[in-house]
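Notes to accompany the following structure.
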Amino acid sequence: MVKARTLDEVIEIYDVRSLLESEAAGLAAQRRTDEEVATLYTIADAMEAIAAKDGDVPALSQLNQELHHLILRASRNHTLEESAIRLMDIGFVINTYTKFRRTDMNRTLADHRALIEAIEAKDSIWASSVMRAHIATTRNALKTKLRQ
């Protein structure tokens, strides 16, 4: 059973995710392994291929969740990871892509690339900034769609 959320609740959840996941991205940039970076690129490649082909929303949502979970794991902060995952696993988050326009999808894929590049470069400020902007723009895209 998935609880229906008000627009204000959706905004609050994304605001808290932005705080937690931007911190996790900064930590991941400092603590990640080369294998984790390679896996992040593999996930991004798969997402881009699906988006270019048929835009399979369940597959995109699953890969998006894997990417975010891997960044959280790479932070090596279990409390931070568990807190963020609790918010991410709320039902509507998994189906975010059903609300996306093509421009939203292109932006999110570009954000993922920039985020991985920042993590690969071990630049915690860049990684944190990209993640914060990524989640904020997703929140704003959802806010626009939910108001319609």
Side-chain angles (χ1 to χ4, degrees), residues 1-29 32-75 77 80-121 123 126-148:
M1 178 186 258
V2 176
K3 177 186 172 191
R5 303 281 174 177
T6 67
L7 179 58
D8 287 341
E9 288 173 320
V10 170
I11 291 167
E12 285 179 6
I13 288 167
Y14 273 84
D15 287 346
V16 174
R17 276 190 65 202
S18 176
L19 293 169
L20 296 175
E21 290 193 61
S22 64
E23 180 65 19
L27 290 171
R32 90 320 185 263
T33 65
D34 290 343
E35 182 179 328
E36 288 167 331
V37 171
T39 302
L40 288 169
Y41 277 119
T42 298
I43 294 168
D45 291 344
M47 290 184 78
E48 290 166 3
I50 291 168
K53 188 174 130 190
D54 60 7
D56 179 356
V57 170
L60 284 167
S61 293
Q62 180 61 40
L63 288 167
N64 181 65
Q65 191 170 37
E66 288 175 25
L67 183 135
H68 283 265
H69 281 220
L70 179 52
I71 292 168
L72 289 164
R73 251 189 333 276
S75 77
N77 183 318
L80 179 60
E81 178 182 359
E82 289 172 5
S83 297
I85 287 173
R86 271 195 299 275
L87 292 175
M88 285 178 58
D89 287 346
I90 293 171
F92 76 87
V93 174
I94 295 169
N95 294 307
T96 298
Y97 291 120
T98 61
K99 309 262 191 282
F100 271 17
R101 299 166 299 185
R102 187 71 193 154
T103 56
D104 298 323
M105 179 59 66
N106 292 341
R107 180 205 32 81
T108 203
L109 295 172
D111 286 351
H112 287 167
R113 279 283 163 195
L115 182 57
I116 297 164
E117 289 169 5
I119 291 170
E120 182 179 35
D123 189 325
W126 182 19
S128 179
S129 297
V130 171
M131 182 64 87
R132 187 172 300 251
H134 172 63
I135 292 176
T137 53
T138 299
R139 178 203 60 212
N140 290 338
L142 285 175
K143 187 167 55 170
T144 299
K145 287 300 261 184
L146 292 172
R147 282 190 174 143
Q148 295 176 350

TODO: State, yes or no, whether a side-chain contact exists between Lys143 and Tyr14 at a heavy-atom distance under 4.5 Å.
DONE: no

Open item on the list: Quick check: do Met88 and Leu72 have side-chain heavy atoms less than 4.5 Å from each other?
Closed with: yes

Task: Interatomic distance, Leu70 atom CG to Leu63 atom CG [nearest 0.5 angstrom] - done: 12.0 Å

- [ ] Taking Ser128 for its side chain and Ala25 for its backbone only, find out whether a donor-acceptor pair lies under 3.5 Å.
- [x] no

Task: Sequence-distant partners of Thr103, side-chain contact (heavy atoms from CB on, under 4.5 Å), two or more places apart - done: Arg101

Open item on the list: Nearest 0.5 angstrom please: Ile135 CD1 to Arg17 CZ, how far?
Closed with: 4.5 Å

Open item on the list: I need the Thr137 OG1 to Leu142 CG distance, nearest 0.5 Å.
Closed with: 10.0 Å

Task: Heavy-atom check, side chain of Glu21 versus side chain of Leu87, under 4.5 Å - done: no

Task: Gap separating the CG atom of Leu40 from the CG atom of Asp45, nearest 0.5 angstrom - done: 11.0 Å

Task: Nearest atoms (heavy-atom pairs only) where Ser22 meets Arg132 - done: OG-NH2, 3.0 Å

TODO: Enumerate the residue pairs fulfilling ring-ring contact (aromatic ring centres under 6.0 Å, His included) with a member in residues 43-73, sequence neighbours excluded, ordered by first and then second residue.
DONE: His68-His112, His68-His134

Open item on the list: Rounded at 0.5 Å granularity, tell me how far CG in Asp111 sits from CG in Asp104.
Closed with: 10.5 Å

Task: Taking every non-hydrogen atom, the tightest pair across Ile71 and Ala28 - done: O-CB, 3.6 Å

Task: Closest approach of Ala44 to Ile116 (non-hydrogen atoms, all atoms of both residues) - done: CB-CD1, 3.7 Å

- [ ] Mind listing the closest non-hydrogen atom pair of Leu80 and Asn77 along with its distance?
- [x] N-OD1, 2.9 Å

Task: Minimum-distance pair of heavy atoms, taken over all atoms of Ala59 and Ile50 - done: CB-CD1, 3.8 Å

TODO: Kindly compute the distance separating OG1 (Thr33) from CZ (Arg73), expressed to the nearest 0.5 Å.
DONE: 10.0 Å

Open item on the list: Can you give me the closest heavy-atom contact between Ser75 and Ala24, atom names plus distance?
Closed with: CB-O, 3.5 Å

TODO: Could you go through the side chain to side chain contact (heavy atoms under 4.5 Å, CB included) check for Ile119 and Glu36 one step at a time?
DONE: CA-CA 10 Å; Ile119 291 170; Glu36 288 167 331; over 6 Å; no

Task: salt bridge (Lys or Arg N to Asp or Glu O under 4.0 Å): pairs with one or both residues in residues 48-68, sequence neighbours excluded - done: Glu48-Arg113

Task: Donor + acceptor pair across side chains of Arg139, Ser18 (<3.5 Å) - done: no

Open item on the list: I'd like to know whether Leu19 forms a side chain to side chain contact (heavy atoms under 4.5 Å, CB included) with Glu23, so could you lay out the CA-CA distance, the side-chain angles of the two residues, the decisive distance to 0.1 Å, and finally the verdict.
Closed with: CA-CA 6 Å; Leu19 293 169; Glu23 180 65 19; over 6 Å; no

